[in-house]
Amino acid sequence: MQSSAKTVKDYLNELPEERKTAFLRIRDCILNNIPKGFEEIMSYGMLGYVVPHSIYPNGYHCNPKLPLPFINIGSQKNFIAVHHLGIYANPKLLDWFVSEYPKHCNQKLDIGKGCIRFKNLDQIPFDLLEELARKISVKDWIECYETQIKSRKSN
């Protein structure tokens, strides 16, 4: 479920009331903890946290006109999704997250390739999301992206 909102403010205004509090808290977890240099924008119909072209002029290999994506959060039909490309690209970060999750939440982890789904809004491990947001700097993300994702796609 992608939004057609053009601005972050418009996206936030269209959130369903029953999800708004949890969604805004996830957003705060990211905004208050993500390292300097990432920028919040609309990206793929969700809120996106990206490396802007001013820092990484090459942009995203799938579409170089787009800034390099890192994290997206979206309100889907039945859940809130946190898409974290660092978890997708870095097996050590994925292993860390999977092993830490049960220490913060008694709900079973619902995760795909970098997509963490939260269906029960009372069981979101906000403290763990804060820690996850702090884990990778812009410099580290660019290095990981170039070695783990971009190099795979060009082969």
K.L.:
So, for Ile124 and Ala22, which heavy atoms are closest and what is the spacing to 0.1 Å?
P.N.:
CD1-CB, 3.9 Å

K.L.:
Hey, is the main chain of His104 close enough, under 3.5 Å, to the side chain of Asp127 for a donor-acceptor pair?
P.N.:
no

K.L.:
I'd like to know whether NZ of Lys20 has more than 12 heavy-atom contacts from other residues, nucleotides or ligands below 6.0 angstrom.
P.N.:
yes

K.L.:
Gly48 and Ser43: which non-hydrogen atoms are nearest, and at how many Å?
P.N.:
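Heavy atoms of Gly48 and Ser43 come nearest at CA-CB, 3.9 Å.
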
K.L.:
Could you give me the CA-CA distance, side-chain angles and deciding distance for Asp110 and Phe118, then say whether side chain to side chain contact (heavy atoms under 4.5 Å, CB included) is met?
P.N.:
CA-CA 7 Å; Asp110 185 356; Phe118 298 106; over 6 Å; no

K.L.:
Going by heavy atoms in the side chains, are Asn72 and Leu85 under 4.5 Å from each other?
P.N.:
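When only atoms from C-beta onward are counted, Leu85 and Asn72 do not touch, as no gap falls below 4.5 Å.
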
K.L.:
For residues Tyr145 and His61, is any side-chain donor paired with an opposing acceptor at under 3.5 Å?
P.N.:
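Indeed, the side chains of Tyr145 and His61 share at least one donor-acceptor pair under 3.5 Å.
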
K.L.:
Linking I/L/V/M/F/W/Y whenever any side-chain heavy atoms sit under 4.5 Å apart, do Ile41 and Ile142 land together?
P.N.:
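In one cluster: no.
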
K.L.:
So which atom in Met42 and which in Gly45 form the shortest heavy-atom distance, rounded to 0.1 Å?
P.N.:
CE-C, 3.9 Å

K.L.:
Between His53 and Pro64 (side chain of the first, backbone of the second, donor and acceptor by atom type, cut-off under 3.5 Å), is there such a pair?
P.N.:
yes

K.L.:
Taking the side chain as everything from C-beta on, heavy atoms only, tell me whether Val51 gets closer than 4.5 Å to Pro67.
P.N.:
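The answer is no, as the side chains (C-beta and beyond) never meet within the 4.5 Å cut-off.
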
K.L.:
Is there a continuous path of hydrophobic side-chain contacts, each under 4.5 Å between heavy atoms, that joins Ile73 to Val8?
P.N.:
yes

K.L.:
Report yes if the side chains of Leu121 and Arg19 come closer than 4.5 Å at any heavy-atom pair, otherwise no.
P.N.:
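Yes - at least one pair of side-chain heavy atoms lies under 4.5 Å apart.
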
K.L.:
Should Ile55 and Leu68 be counted in the same cluster of Ile, Leu, Val, Met, Phe, Trp and Tyr side chains packed under 4.5 Å apart?
P.N.:
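In one cluster: yes.
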
K.L.:
Any side-chain heavy atom of Phe97 sitting closer than 4.5 Å to one from Leu132?
P.N.:
yes

K.L.:
Can you tell if the side chain of Lys135 reaches within under 4.5 Å of the side chain of Asn90, non-hydrogen atoms only?
P.N.:
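They are not in contact (no side-chain heavy atoms under 4.5 Å apart), so the answer is no.
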
K.L.:
Less than 4.5 Å apart, any side-chain heavy atom of Ile30 and any of Leu47?
P.N.:
no

K.L.:
Between atom CD of Gln107 and atom NZ of Lys119, what is the distance when rounded to the nearest 0.5 Å?
P.N.:
9.5 Å

K.L.:
Can you name the closest pair of heavy atoms from Val50 and Pro69 and give their distance?
P.N.:
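For Val50 versus Pro69, the nearest heavy atoms are CG1-CA, 3.9 Å.
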
K.L.:
Is there side-chain contact between His83 and Met46, with at least one heavy-atom pair below 4.5 Å?
P.N.:
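Yes, their side chains come closer than 4.5 Å.
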
K.L.:
If two hydrophobic side chains count as joined below 4.5 Å and joins carry through other members, does Phe79 share a cluster with Ile116?
P.N.:
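No; tracing contacts between hydrophobic side chains, which count when under 4.5 Å, never links both residues.
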
K.L.:
Using a 4.5 Å cut-off on heavy atoms from C-beta on, say whether the side chain of Asn63 contacts that of Leu66.
P.N.:
yes

K.L.:
Consider ring-ring contact (aromatic ring centres under 6.0 Å, His included). Of Tyr60, Trp141, Tyr49, Tyr88, which one does Phe70 pass it with?
P.N.:
Trp141

K.L.:
Pairs in or reaching into residues 26-38: which pass side-chain hydrogen bond (donor to acceptor under 3.5 Å, both in side chains), with residues at least two apart or in two chains?
P.N.:
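Passing the test, one end in residues 26-38: Arg27-Glu40, Asn33-Arg134.
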
